[in-house]
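For the single chain, residues carry numbers from 1 onward in sequence order. Whatever order the structure lists ligands and atoms in, that order sets their numbers, starting from 1. Values in this document were obtained by computation on a predicted structure and should not be read as measured data.
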Amino acid sequence: MELENVEKVATEEIEACEDLDQLNETRVKYLGKKGLIQGFMSKMRDLTNEERPKFGALVNKIKSAVEEKIRIAQEKLEEKKINKKLESEAIDVTLPGYKFNTGVIHPLMQTIEEIEDLFIGMGYEIAEGPEVEEDLYNFELLNLPKDHPARDMQDTFYINPNTLLRTHTSPVQARTMQAKKGEPIKVICPGKVYRRDDDDATHSHQFMQVEGLVLGKDISLADLKGTLHEVAKKIFGDERTIRLRPSFFPFTEPSVEVDVSCFKCNGKGCPICKNSGWIEVLGAGMVNNNVLKMNGYNPDEIQGFAFGIGVERFTMLKYGIEDIRNFYMNDTKFLNQFKGVK
Ligand code: FA5
């Protein structure tokens, strides 16, 4: 009777357990070495030989029954524990996600990359030169001796009488010619340049240019014109027109300036284009014989063209940007317009 009662009470206690710790305590209470069921085993000593096997079998039966109930309860509690964990770690897929702010390639860099891709596709190499430059490369080797009046065309930041912040990317022409020692050349050079210009809607004291230089046999002005038309078509599309205007640069002869029809008024005239209908974007020409000679080339054997693109002006025309100063303000609202453009 007492034994059967133990099974009943144990079953109730096992079923009342709420977690695995409680269940373990209950298991020790009934099945442990000093547990209640083990206690009955030690009572066998007091029984007669006849009673002992019967009693032993009964104790074993109850022990197995309690073990089985604990096993079942353990499975249930383990499942309960896992479900609780899953519930607490559940992901609500309907919640809004985190917003990550991504950067954007600066529009001027996008234009430079576009120009680079275009020229690399035409077989050009990329050349580089220093921003802190010697007067020699920036002016003298480009046919601009110290007292030449055309130096006033580019107001210069001098560091000392022979060192300056380059006013254009043209010194890379001289550097490349000196390095190539009479060999044919086909390079572009993108980079920053500096001038003591007053900042306004289309001028900045620091801006970017892409220089181009092609030297070889029988290179003519027609090659320059064809190249510039190709660039304008690729960058601005067919809706803008370009015009070549005779101009003057000491390092090219003849020289031209290239204008693109104004993005705002489409050539009619407005404050942005100073009522001319055109915006100047680059200077170019056939490399002056003096420059070729000074830099180790024989003009009778080799000649070619050069150009200098204003990167800000290109970008303004391409995207209809009215003020050059927007490029340098770090205003994310402005910059984000160029997300995914390239
Ligand atoms: C030159 O700098 C010549 N080195 C270009 C050249 C190269 C001619 C090779 C012949 C052969 P220019 O000063 O015109 O030229 O400048 C070239 C372009 O830079 C201009 O067409 C314009 O697009 C841009 N630019 C000039 N000044 C500024 C400025 N202050 N701010 C922004 N862009 C400018």
Side-chain angles (χ1 to χ4, degrees), residues 108 111-112 115 127 129 133 137-139 141-144 150-157 164-177 185 187-215 219 221 223-225 227-228 231-232 235-236 242-260 262-263 272-274 276 278-288 290-292 295 303-318 321 323-328:
L108 296 176
T111 301
I112 286 186
I115 294 172
E133 184 55 283
Y137 292 103
N138 196 83
F139 289 129
L141 290 171
L142 296 175
N143 203 25
L144 276 147
R151 283 193 177 212
D152 293 346
M153 287 165 76
Q154 302 174 358
D155 239 344
T156 310
F157 289 112
L164 45 82
L165 294 181
R166 67 178 176 192
T167 55
H168 50 178
T169 40
S170 300
V172 185
Q173 284 187 38
R175 286 182 174 276
T176 310
M177 283 188 240
I185 295 176
V187 293
I188 56 162
C189 163
K192 286 188 198 133
V193 301
Y194 304 82
R195 285 184 200 178
R196 287 174 51 213
D197 280 350
D198 290 328
D199 290 358
D200 64 21
T202 51
H203 291 83
S204 171
H205 58 281
Q206 182 237 290
F207 57 102
M208 296 177 102
Q209 290 187 336
V210 177
E211 192 77 12
L213 174 67
V214 176
L215 293 183
I219 305 280
L221 192 68
D223 296 313
L224 170 64
K225 207 171 158 190
T227 307
L228 296 179
V231 174
I235 304 284
F236 302 117
I242 66 161
R243 72 172 185 190
L244 270 61
R245 235 177 337 105
S247 185
F248 170 76
F249 295 104
F251 30 93
T252 47
E253 181 59 36
S255 303
V256 292
E257 266 175 326
V258 179
D259 300 337
V260 176
C262 176
F263 60 89
I272 289 180
C273 57
K274 303 204 168 74
S276 69
W278 299 94
I279 295 181
E280 176 208 319
V281 289
L282 66 91
M286 298 304 291
V287 179
N288 189 305
N290 285 343
V291 174
L292 289 171
N295 290 289
Q303 59 290 122
F305 62 80
F307 56 84
I309 296 171
V311 176
E312 278 79 353
R313 303 267 179 91
F314 254 47
T315 314
M316 289 169 82
L317 281 163
K318 189 168 165 63
I321 295 158
D323 197 317
I324 196 170
R325 288 165 288 205
N326 282 316
F327 293 124
Y328 317 114

Do R325 and D199 meet the salt-bridge criterion of a basic N to acidic O distance under 4.0 Å? no
Salt bridge check, E211 against R175: does any charged N sit closer than 4.0 Å to a carboxylate O?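 Looking at R175 and E211, the cut-off is not met.
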Check the pair R166, Y137 against side chain to side chain contact (heavy atoms under 4.5 Å, CB included), reporting the backbone distance first and the verdict last. CA-CA 9 Å; R166 67 178 176 192; Y137 292 103; over 6 Å; no
Identity and separation of the nearest protein heavy atom to [atom]:
atom                    : answer
atom 6 (C) of ligand 1  : G283 O, 3.5 Å
atom 22 (C) of ligand 1 : R313 NH1, 3.3 Å
atom 16 (O) of ligand 1 : Q209 NE2, 3.4 Å
atom 30 (N) of ligand 1 : D197 OD2, 2.7 Å
atom 15 (O) of ligand 1 : F249 CE2, 3.4 Å

If you measure from [atom1] on [X] to [atom2] on [Y], what distance do you get to the nearest 0.5 Å?
X    : Y    : atom1 : atom2 : value
L164 : N138 : CG    : CG    : 4.5 Å
F314 : I309 : CZ    : CD1   : 4.0 Å
R245 : E280 : CZ    : CD    : 6.0 Å

Atoms of ligand 1, numbered as shown, that sit under 4.0 Å from any heavy atom of [X]:
X    : result
A306 : 9 (C), 11 (C)
E257 : 14 (O)
T202 : 31 (N), 32 (C)
Q173 : 9 (C)
G310 : 18 (C), 19 (O), 23 (O), 24 (C)
L282 : 21 (O)

Which atom of I219 lies closest to which atom of V214, heavy atoms considered: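 So the two residues come closest at CD1-CG1, 3.9 Å.
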Closest heavy-atom pair and its distance - Q206, E312: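 Closest approach of Q206 to E312, heavy atoms only: O-OE2, 4.3 Å.
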Sub-4.0 Å heavy-atom contact, [X] with ligand 1:
X    : value
E312 : no
S170 : yes
H205 : no
I324 : yes

Spell out, as yes or no, whether a donor-acceptor pair under 3.5 Å connects the side chain of T315 to the backbone of L108.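 Judged by distance alone, no pair lies under 3.5 Å.
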Between Q209 (side chain) and T169 (backbone), is there a donor-acceptor pair under 3.5 Å?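 Looks like yes, one N/O pair under 3.5 Å.
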Polar proximity ligand 1 side, [X] side, N/O cut 3.5 Å exclusive:
X    : answer
S204 : yes
H203 : no
T252 : no
R195 : yes
E280 : yes
E211 : no
F207 : no

Please say whether more than 12 non-hydrogen atoms of neighbouring residues, nucleotides or ligands are located less than 6.0 Å from CZ in R196.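 Open.
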Should we count CG of D198 as having more than 12 external heavy atoms under 6.0 Å? no
Answer with yes or no after comparing the ring centroid distance for H168 and F251 against a 6.0 Å cut-off, counting only values under it.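 H168 vs F251: aromatic centres under 6.0 Å.
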Going by heavy-atom distance to atom 3 (C) of ligand 1, choose the closest among F305, F327, Y194, F251. F251
Considering A284, P250, G308, which one's heavy-atom position lies nearest to atom 10 (C) of ligand 1? A284
Part of F307 with heavy atoms under 4.0 Å of ligand 1, whether side chain, backbone, both or neither: backbone
Taking the side chain as C-beta and beyond, is there a heavy-atom pair between L215 and L292 under 4.5 Å? yes
Are H205 and Y194 close enough, and set up right, to give a side chain to side chain contact (heavy atoms under 4.5 Å, CB included), and what steps lead you there? CA-CA 6 Å; H205 58 281; Y194 304 82; 5.8 Å; no
